[in-house]
Amino acid sequence: MGRDPRFDILFDPVKIGPVTTKNRFYQVPHCNGMGYRDPTAHATMRSIKAEGGWGVVCTEQVEIHPTGDIAPFIELRNWSDEDVPALARIADAIHSRDALAGLQLAHNGMNAPNLYSREIPFGPADLPVFSIYNDPVQARAMDKTDIRNLRHWHRSAALRSKKAGYDLTYVYAGKLFGGAMFFLSRRYNQRTDEYGGSLENRCRLLKELIEDTKDAVGDTMAVACRISVDELLGEEGLHAAEAQDIIGHLAEIPDLWDLTLSSWDNDSQTSRFADEGYQEPFVTGIKKLTSKPVVGVGRFTSPDTMVRMVRQGILDLIGAARPSIADPFLPKKIEEGRTEDIRECIGCNICVSGDHTTTPIRCTQNPSMGEEWRRGWHPEYIRPKESDSKVLIVGAGPAGLEAAMMLGRRGYEVVLSEATRNLGGRLVGERALPGLSAWGRVVDYRVGQLQSMPNVQIYRESPLTSDDILAFGFEHVAIATGSRWRADGVGRRLLRPIPLTDQDVLTPDDLMAGHRPKKDPVVIIDDDHYYMGGVLAELLVREGRKVVLVTPTAEVSSWMEMTMEQHRVQARLLELDVEIVPHRLPVQATGDELTLACVYTGRTFTRPIGSLVLVTARLPEKNLAEELAARRAEWGDTALKSVTRIGDALAPGTIAAAVWSGRRYAEELDAPERSLDELPFLREVAGLHSGALPWQARS
Ligand code: ADP
Ligand code: SF4
C-alpha cells in the first residue's frame, strides 16, 4: 500500500544551506546515555533511525573541549583528532542508510561543572554553575582571551566534524545547555563590555560562533543554530518576544533554525503534563522572521498534525526526538501507508532516565532502543522461528503482549491467555489514572498488531491453573502473570510489616479496582517514589477527599527527577492542597491514630488518620510458575520443555522493564544456550594507552 497523498508534503526535499534533506523528517539531537563510552552501539542506534526514513539524523550535544565537560553525563566528545574515528563511525552508519548526518557542537559554558576535566568553567559572569546536582562549583567571567579561545575551539571542532564526514553541524544556544545561551540571557549576562547589555551585544558571541563555523565548514556543511524560544519564566527569563528579536537579528546567518523551549524539562514535557504539539504557540511566527528553514518539536506522532505544521507555515521540518525513539520507522510507516503500525510515544520520559542515570537509553514503547548493537535487537525485524514449538503466554499485561507479538512475528503458534476480560494487565487500571491515558498506547499498539496475526490466538476470561497447562501440550510457557501491591507496608525503607490495628487499609490495586477509603483524612505512605503515590493523591483529591502524603524523602515522587517531572508533581499536589509530610516513616497505625518517625532523629509524632493507602512495593504473582516447577516430574508425560517467568511476575518493575522482558523472552526462545561465562551482550572496552609518564623517567 502506498502513502496517502495527504502526507505527500512531508516527503518534499528541503534545502538546508549547501545540503538537501530528502524529506521533512528530522531527528533532532537527543541524548542517549551511550555517548563516547559506547560509540558502536550509538552508531547502530542512529543507523536504524536512518533506515526508518528520517531525512536528517543528528547526534546529541557533542562536547567540544574539556572546559565544557558535563560529566557525569555521557555525551559524545569532539575534543581532539582522537575523537574523530568514533564520530565518523556514527556519520558513516547514518550515511549507509541514506540520511544526512548532523552533529551538535556544544560548549556547555555555565552548565558544565567540569567534574572530569577539573578545568574552571566559564561564562558571562562569576556565578555558580547551573548544573543538575547543585555542584559546589563556580564559573568565572570570561575575558576577551577566553572568548577568543572559545571561538578557536568551536572552529576546530567544526573542522573535525567535517573530517568525520557530517553534513550538518550546530551552534548551540538552547536549554541553558548551549553556553551561548548564557550570553543571550539578561539574568546571567550583566556584562558591561560589547558582549553584554543591549540585545545586539548579548547576541554577539552567538553571531561570532555561527559566522566562524560557516567560515570553517559552511562551503559543504549546513550550519544550524539551536535556540530557546522561551524559558517559561515570564519577563525574568528569555521569553517569546525577546527570542523573536534575537532570531530576527540573526535571521539569515545560520542555514537552519532549530527551536526548543528551555530548559530541557520544558522542552520534553511528559504526556501527564502536556499534549502533543504543546510548543506550537512558541514557534508560531518564527518563520516570518527568516527565510531559512525552521525545525521544531512537539512529541509529534500524528501525520495530520505534522502536515498542518507545514501547511500553516509554522515549521518546515518536523523535528522529533521521542517519537523517533519510540518508533525509529515512523517516516517509513507513513510513506508506506501503514500509519496504524506507528508505535506512538507515550510521553513517559523513561528515555530521559537513561541519560540521567548515565546508562544506555531505554524506551517503554520500543524495547530495542539501546539494544540494537549490544543485543542485536531491531525495532521492526526479528529472526524467524527456529522450531515448530507452540508457545503459551499466561497473562496479557505489557510483558505478555510484547512476548506474544514478537513470537507471532517470528512465526510461532502462540496462545495468549488472560484471566480477565481486558487486555493490558496493570495498564488497564493505570491508564485510567489522572494524566496517564496516553500510556494506554503500550496496550493499543500491541493489541492492534496481534489482531492481524493468524498464528496468535487470544483467550480472555481464561485464568489458567497448572492442571490446565499440563493438559494443553505446549512446548514452552511464559508466565506473565504480573504482580500485586503489598498491603503490609514493606517496601524500600521499611523491611518489616507496619503494625496495624483496626485500620482501613487499601493498596493501589484496590483503588484501581474501584474501592475507596472509608474515612478522611486518607494517608498515603509512599515508599515507592515513582508516579503511583502522587497519582493516587491526585485521584483522591479530585474526588473531594482530604489527602496526606507521607514520604521518607524530602520530595514527593523523588525518582521522577529522572523523568524531569518531580517538580511538576510536587507543584500539582501543593496546588491541590495535598498535605505533604516529608522525612517520615510510619511506626504503627490504629483506627484513628498514625504514629510516624522522623527518618533522621527517630523522634515520633502522632496524627489523626482515617484510612491508609500503602504505596510501598509489589509482590510477583509467581504461584503458577512455582506450582509448575514443583510438578516437574509430570512434564515428561507432556510436550512441556520450559516454563519461564517474565515481566513483573519475575520481578516487579517499570512498564518499560516488563515490555523489555517480553521482548527478551521472544528473542531468546530457541536461541543457542549460552555458557555461564558468556556475557549476555556485546560491549566496547577502551583501548589502553602505553607510554611513560614524566615521573616514570626518573632513574
Ligand atoms: P506485566 O507488567 O509483567 O505484563 P501485568 O500485571 O501488567 O504484568 O499483567 C499480568 C496479567 O496476567 C494480568 O492481566 C492478569 O489478569 C493476568 N493473569 C494473572 N494470573 C493469570 C492466570 N493464572 N491466567 C491467566 N492470566 C493471568
Ligand atoms: Fe516516548 Fe516514553 Fe519511549 Fe521516551 S521512553 S520515547 S517518552 S515512550
Side-chain angles (χ1 to χ4, degrees), residues 30-32 268-272 276 299 301 320-328 330 343-355 361-370 379 392-404 415-431 438-439 441-443 445-446 458-469 477-485 508-509 512-513 562-565 618-625 627-628 645-662 665:
H30 72 74
C31 301
N32 51 80
S268 296
Q269 292 192 45
T270 58
S271 55
R272 187 166 164 193
E276 178 176 353
R299 223 173 58 238
T301 55
R322 290 173 293 174
S324 77
I325 294 167
D327 197 340
L330 186 148
R343 202 167 40 244
E344 290 182 286
C345 168
I346 69 167
C348 63
N349 278 7
I350 281 291
C351 47
V352 173
S353 77
D355 189 56
I361 187 168
R362 61 213 58 212
C363 169
T364 303
Q365 274 284 53
N366 173 12
S368 70
M369 180 48 53
L392 171 67
I393 296 167
V394 187
L401 288 170
E402 173 73 12
V415 167
L416 174 62
S417 178
E418 165 55 44
T420 67
R421 193 179 314 165
N422 298 313
L423 304 178
R426 60 188 281 187
L427 272 167
V428 174
E430 291 187 27
R431 69 189 297 177
W439 291 19
R441 291 172 170 183
V442 171
V443 180
Y445 165 71
R446 289 169 176 78
I458 302 178
Y459 295 100
R460 301 172 191 240
E461 297 182 274
S462 305
L464 297 187
T465 62
S466 55
D467 284 342
D468 297 330
I469 293 170
V477 177
I479 304 289
T481 46
S483 61
R484 63 181 186 285
W485 285 90
D509 292 322
M512 286 189 277
M562 300 298 153
T563 60
M564 305 192 298
E565 292 171 287
R618 288 177 284 155
L619 285 167
E621 289 284 7
K622 57 184 178 185
N623 291 351
L624 185 57
E627 267 175 52
L628 287 165
R645 275 156 61 196
I646 64 172
D648 291 331
L650 179 59
T654 59
I655 296 165
V659 172
W660 185 91
S661 175
Y665 179 75

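Numbering of ligands and ligand atoms starts at 1, following listing order. A quick note: this is a predicted structure, and the numbers were derived from the prediction, not measured.
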What distance separates [X] [atom1] from [Y] [atom2], expressed to the nearest 0.5 Å?
X: Asn349; Y: Arg322; atom1: CG; atom2: CZ; result: 5.0 Å
X: Leu628; Y: Ile469; atom1: CG; atom2: CD1; result: 5.0 Å
X: Gln365; Y: Cys348; atom1: CD; atom2: SG; result: 8.5 Å
X: Leu392; Y: Tyr459; atom1: CG; atom2: OH; result: 10.5 Å
X: Glu276; Y: Arg299; atom1: CD; atom2: CZ; result: 7.5 Å
X: Met369; Y: Cys363; atom1: CE; atom2: SG; result: 7.0 Å

Metal site atom 1 (Fe) of ligand 2: N/O/S of Cys345 inside 2.8 Å: yes

At their closest point, which heavy atom of [X] faces which heavy atom of [Y], and how far apart are they?
X: Arg272; Y: Glu565; result: CB-OE2, 4.0 Å
X: Ala625; Y: Ile479; result: CB-CG1, 4.0 Å
X: Gly424; Y: Val443; result: CA-CG2, 3.7 Å
X: Asn366; Y: Pro379; result: OD1-CB, 4.0 Å
X: Thr481; Y: Glu621; result: OG1-O, 2.6 Å

Glu418 to ligand 1, any heavy atom closer than 4.0 Å: yes

Contact with ligand 1 for Ser462, non-hydrogen, under 4.0 angstrom: yes

To the nearest 0.1 Å, how far is [atom] from its closest protein heavy atom, and which atom is that?
atom: atom 7 (O) of ligand 1; answer: Arg426 N, 2.7 Å
atom: atom 20 (N) of ligand 1; answer: Thr481 CG2, 3.3 Å
atom: atom 10 (C) of ligand 1; answer: Ala480 O, 3.2 Å
atom: atom 2 (O) of ligand 1; answer: Asp648 OD2, 2.7 Å
atom: atom 12 (O) of ligand 1; answer: Gly395 CA, 3.1 Å
atom: atom 5 (S) of ligand 2; answer: Cys351 N, 3.2 Å
atom: atom 8 (S) of ligand 2; answer: Ile346 N, 3.3 Å
atom: atom 27 (C) of ligand 1; answer: Ala419 CB, 3.6 Å

Is it the case that ligand 1 has an N or O less than 3.5 angstrom from some N or O of [X]?
X: Pro398; result: yes
X: Leu464; result: yes
X: Ala399; result: yes

Residue Cys363, metal atom 3 (Fe) of ligand 2, N/O/S under 2.8 Å: yes

Short list, please: which atoms of ligand 1 are under 4.0 Å from a heavy atom of [X]?
X: Ser417; answer: 25 (C), 26 (N)
X: Gly647; answer: 3 (O)
X: Gly482; answer: 5 (P), 6 (O), 8 (O), 10 (C)
X: Pro463; answer: 24 (N), 25 (C)
X: Thr420; answer: 16 (O)

Show the atoms of ligand 2 that are less than 4.0 angstrom away from any heavy atom in [X].
X: Thr364; answer: 3 (Fe), 5 (S)
X: Ile325; answer: 6 (S)
X: Gly347; answer: 1 (Fe), 7 (S)
X: Arg322; answer: 6 (S), 7 (S)

Note, Arg446 side chain near Val659 side chain (heavy atom, < 4.5 Å): yes

Heavy-atom side-chain contact between Arg362 and Thr654 under 4.5 Å: no

Cys348 near atom 2 (Fe) of ligand 2: N/O/S under 2.8 Å: yes

